[in-house]
Structures are given as C-alpha cells and as structure tokens.
Engineer: 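There's a structure below that I have some questions on.
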Amino acid sequence: MCGIVGYLGKRQATPILLDSLSKLEYRGYDSAGVAVIEDGKIRVTKKVGYLNQLKQALKDDQAVGVTGIGHTRWATHGAPNEVNAHPHLDCTGRIAVVHNGIIENYLALRERLIECGHTFKSDTDTEVLAHLFEENYAGDLKQAVSNGLKEVEGSFAIAVISLDDQDTIIAARKDSPLIAGIGKGESFLASDIPAVLEYTRDILVIEDNELVVLNGSGVELSSLIDGSTIKREPIVVKWDVRSAEKSGYEDFMLKEIFEQPHAIRETMMGRSYQGRLVLDEIKLSDKDIKAIDKVFVVACGTSYHAGLVAKYAIESWTRIPVEIDIASEFRYRDPILDDKTLMISVSQSGETADTLAGMRHAKEQNAIVMAITNVVGSTLSREADGVLYTHAGPEIGVAATKTMVAQMMALYLLALYLAQVRKSISLEGCRRILRELRGLDVMVQEILDDEVELGLIQQYADKHFDKSDFLFIGRGVGYPVALEGALKLKEISYIHAEGYAAGELKHGPIALVEPRVPVVAVACEGHVYEKVLSNIHEVKARGANVCAVASKGDKDIGKYADEVLYVPRTSEILSAVPAVVPLQLMSYYIAKKRGCNVDQPRNLAKSVTVE
Ligand code: F6R
C-alpha cells in the first residue's frame, strides 16, 4: 500500500504535495518523493525514511512549479531505497510516474521494454509504466497512458506528468483507490480523501478502469476500456480530517477489518500463472523443496495463530511433518534442525524480538529460514533466506486483523507451492485449491456486506459485553480460530477469555462452564464437525450460552447453539479465513460497548521489539 498525490493550479506545487502526503503516511512510510515541472524539466526529489526526511531535503530548495506529483511508499517490489522510491522517470526524463498497486506482469513488460532499448534504474514494478508510456507516446499523453495501461495486468492507481503536456496530470485506477479534488482553478489528486480536504471538499471518486485528466479547465473522466466520456458529479465531503483518515470508519481496527478482502486479493496477486503458483521470491529451488523433511513454524501472538493454521495445510497437502512453536519458547529450547529443515517465521512487523531470535537460532543450525512478513525491508525479511510478503498494507490498529488474514493466505500459498513442487497433490488438485483461495476475498466481502449478520453480532455484543469470562472452542483449523477469537477479545475489551481445543474441555476447562460464561464454538463444516457438536452439547448441558460460527446452509447447528453466525462455505482447511472475521467483529463491538480504545489497547504495542 502506497499513497499518491498530485497538484495542478496556480500555487507552488511542492508545499501542497508535501502536505497532502503527510495525510497519507498511514499508507506507507519507507520512502517518499515528489516530481515537479520546473523551467522545462521535471525535478525529482526522493528520500528514504519518513516523509520528514523529504521535507528536510526540500526545506530550503524547492522546485518552482505549479504542476507536480508525489508518493509515499510501502515497498512491495524492490528494497526501500532512494532509487526504488517514486516518482520514476522514463529514459528521456520527460515523463514521471507515481503508482500505488502491483503490476503483476512487470517482469515480462520489463524484458520487452529492455529489448526495445529502454534502460531501467530501479527494481520496481512501477518503472515499467514510465517506459511503457514513453514507448506509446506519439504526441498525446492521455492516449499514451491509456494504450500503455491496456498491456498492464494487476492493480494500479497512477499519476503521470510530462514535459510535453506541462499543464496536465493524467491519472487512472484499477483496484487501488484514487480521488480527485476540485478547487477553483486548481485540481488535486490523491489515494484518499483526507489528503486534499485542507484545499477542497468537492471530491470526485474515481472508479475502477477510469482515466482522469486534470488540466486548467478542471477534471475530465473517461473509460479506460473504450475511451468513452464519463459524467459524474463530485460529492461534497463534510467529515473532519481525522475521521476522513479512517475513511469514515470509527476506528482503524474496523477499517482494517473491512479492508480484508483487499488484503487477500493483494496477497494473491502476481503469484500464479496459468493455474500454477509462481513463488520465485521465496528463493527456494525445486531441489531444495524436494529435500525438505521437516517444517518449523515460529511466531508470536496472532501470527502464531496464523502459523497454526499453516500446520494443518502443510501437513495435509505436502505430508511433511510440521512443528509449531511460540517464538519466545523456541528461541530457548534445543530444537532439532538441519539443512533439510524449512523454518518459517511469521511476523506482521518483521521486527518482533523473539521471532527474530528464533530465526537466528534456526539459522545457527543451518535450517533454511523463510519470513512471512508485511513489512518490506524489515529485519526479518533482510535476514531470511527467502521472503513471502503479505501485501496487507500498513496496519494502524494494534490488534492484528487484516494482517492475520493475509498471513494465512501467504501460508496457504506457500503450503500449496510446496505441494505443487513435490507433486504431493495432483496438478488438478492444486488448481482446485488455488481457485478456492482466489474465492476467499469474495467470501469475506459477503460477511462484511451482510447487514443482518453484522446486526446479530452487535446484538450479541449488547447481550454479553458485561460478562467477565468467555470460552472459545474449536477443532482442526477451528482451534487456531478459537485461540484468535479469545486473544482479540481479551486484548481490546480486557475481558478474560480462553481459547481451547474443544476436545480438551473435559480435561479441565469444563469446570469453568456455567451460565455466566458464554461459549463461542467454531463449528464450520469438516471432518470434526460432529465432534464439535458433541462439545457444544457438553457445555449446553452445563447451562452455557453458546454462539456458534458455522457454515452457511448448516441446518442442524441452530438446534444446538443459542446464536449462530453463518459464514460462506469453503473447504475445511481454508475455512479459517471466513471463520475468523465474525470473531474479530464480535470483539470489536464488545470492546466498543465497554468504551475501550480499540486502536490502542492498554499495555500493548504494535511492534514488540524487546524481549
Ligand atoms: C494481536 C497482536 C499480537 C501480534 C504479536 C506478533 O492482535 O497483534 O499478538 O500478533 O505481537 O507481532 P508480529 O506479527 O509483528 O511479529
């Protein structure tokens, strides 16, 4: 996730671009840059680090110019350094581009453009756009952009300026957000509304597959598909800037829960070709993969729960034995690893001290170490032999939500890739799972769009927010989901909650069950479903109120549970993704009802860089 901005008008562009970027820093902050047309050339300034570095660099020496674009970066392709920071230029320095999104076919485009004589400076997917537009330019920038984008697969929100058309910014969008702000004799462009609210409240929301031209006479919209003109009235935004940063959501956590379909799509993007997974980024040869005889998954907190889900997937799909451990335990024990062990460290931040120590511990024993992380350039990603990034975008809420879902997706992809290479699943079987993985974003969207379901969860929160203990139970992948449900609830609402493997109840925890302790049972379709039903019976017999998370179409569960939160049906191992969503919402609404600060719960930090 990155942020893009643009300005065209009569004022100096640089201060406006910097100010707009400062409202988008939540979208990424590993480097930033601006390009402004000054005196017949495009002047580009980029800096690594927070936006402040760029502001410092431009403090006493800014381009004099009224047309410019800017970018704050959250690296996806290429390390966070100055060369990879945006804006990117074509070979001639006459075209500058900023981009948010992922160009899936950038390698193929890059090779072709190199063959045509173009010279690349960065490792980014974005730079291909600048060269592509250069290649397509025949006197009309709009046409060059629109033709060039026809060749692009993936997601993008882009802004383009050119010396050949100095009073124009061309922008376009597909699967990445983009808005235009309409002022008096000036126009603005940004990934998100708060970036321009200081200057105008008249906002044109750009839709997918639309191209927008900003020039002296205003803003013109057209279709990227057939070039037809599109008429749309701007909306007048009345929110204050703070709530606008949350796109109208009350809290970052809620916004991030609703961003999960997008996080799933971004994490899937560019990782398969013609029904086969392509994960070159993990830097494991087929020979290495075939030699693996043991997998360790090591992580903390929510990332550990995502790792637990991976255990089920890897064992079932590859038949490689998997051990999973909490990083703070793993780092101090004497595990048995060697160069045939694949050690997967899962960490949203990539900076968790225990997870890093665990990875180093495994490296000392020659294990192949792999990172699953959301932060490009994080210590974990730098020290690992290979990295699979979750492209969830920055997560501001301390409680992990969209990053967990993205971690599960990345882990499923990794597990399936191992199976594909080792041929432990037939090609058709791999394709089927891949298709199902591709459908998970829609399933999560379905839950989030279901007003009735959201209403039920809120009613549940109203009924139980004053309880002091909760039990979460599940089997199979429902077990890590139960652990996550309990963790979410305790960390943001401060209610004591325990997650248990449902079969463990009778070995102790069932002593806690009584009418005052609500039980949440994860009971999606699968080979342990009947067993979970028995566990629901056990707790009901002791007077508990039971809320079940179950698969849509389940006609029986309603006879046993007091409340049922239905989620779309998928295959058993993948069901962790839809099943966790109602539990995130449940803890959110309970915490809100209790008046808690859900984005910054007490005693917690987003990144635990100390032991
Ligand atoms: C819970 C939560 C924490 C983190 C844990 C690991 O909502 O956010 O439990 O999951 O601190 O952090 P990362 O994934 O950054 O290593």
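One is the number of the first residue; the rest follow in order along the sequence. One-based numbering, in listed order, for ligands and for the atoms of each.
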Engineer: Which bit of Glu351 is near ligand 1, meaning a heavy atom under 4.0 Å away: side chain, backbone, both or neither?
Structural biologist: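 Near ligand 1, Glu351 shows nothing, with every heavy atom at 4.0 Å or more.
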Engineer: Among all protein non-hydrogen atoms, which one is nearest to atom 15 (O) of ligand 1, and what is the separation to 0.1 Å?
Structural biologist: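 Atom 15 (O) of ligand 1 sits closest to the protein heavy atom Ser349 OG, 2.7 Å.
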Engineer: So which of Gln584, Lys402, Arg265 actually passes side chain to side chain donor-acceptor pair (under 3.5 Å) with Gln260?
Structural biologist: Gln584
Engineer: Taking the six-membered ring for Trp, are His361 and Phe330 closer than 6.0 Å centroid to centroid?
Structural biologist: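 Under 6.0 Å, so yes.
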Engineer: Does Met404 come within less than 4.0 angstrom of ligand 1, counting non-hydrogen atoms of the residue?
Structural biologist: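 No; Met404 lies far enough from ligand 1 that no heavy-atom distance drops under 4.0 Å.
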Engineer: Are the charged groups of Lys311 and Glu323 less than 4.0 angstrom apart, N to O?
Structural biologist: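 So Lys311 does not pair with Glu323 through a salt bridge.
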Engineer: When you measure from the side chain of Glu256 to the backbone of Ile396, do you find a donor-acceptor pair of N or O atoms at a distance under 3.5 Å?
Structural biologist: yes
Engineer: Does Thr355 reach ligand 1 with a nitrogen or oxygen that is under 3.5 Å from one of the ligand's nitrogen or oxygen atoms?
Structural biologist: no
Engineer: What residue and atom, counting heavy atoms only, is the protein's closest point to atom 12 (O) of ligand 1, and at what distance?
Structural biologist: Thr352 OG1, 3.5 Å
Engineer: Given that the side chain starts at C-beta and the backbone is N, CA, C, O, which of these parts of Val398 lies under 4.0 Å from ligand 1, counting heavy atoms, or is it both or neither?
Structural biologist: backbone
Engineer: Among all protein heavy atoms, pick the one closest to atom 6 (C) of ligand 1 and tell me residue, atom and distance.
Structural biologist: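 Looking at atom 6 (C) of ligand 1, the protein heavy atom closest to it is Cys300 O, 3.4 Å.
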Engineer: Note the single closest protein heavy atom to atom 4 (C) of ligand 1, along with its residue, its atom name and the distance in Å.
Structural biologist: Thr302 N, 4.0 Å
Engineer: Mind checking whether Thr401 has a heavy atom under 4.0 Å from ligand 1?
Structural biologist: no
Engineer: Please determine whether side chain to side chain donor-acceptor pair (under 3.5 Å) holds for the pair Asp251 and Tyr588, giving the CA-CA distance in whole Å, both sets of side-chain angles, and the decisive distance to 0.1 Å.
Structural biologist: CA-CA 10 Å; Asp251 304 279; Tyr588 172 81; 2.5 Å; yes
Engineer: Among all protein heavy atoms in this structure, tell me which lies nearest to atom 11 (O) of ligand 1, with the distance rounded to 0.1 Å.
Structural biologist: Val608 CG2, 4.0 Å
Engineer: For atom 7 (O) of ligand 1, what is the nearest protein heavy atom, given as residue, atom name and distance?
Structural biologist: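 Of the protein heavy atoms, Glu491 OE2, 2.5 Å lies nearest.
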Engineer: Check the orientation of Trp317 and Tyr412. Use parallel for under 30°, tilted for 30 to 60°, and perpendicular for over 60°.
Structural biologist: tilted
Engineer: Carefully, step by step, assess Val519 and Asn545 under the rule side chain to side chain contact (heavy atoms under 4.5 Å, CB included).
Structural biologist: CA-CA 6 Å; Val519 175; Asn545 170 284; over 6 Å; no
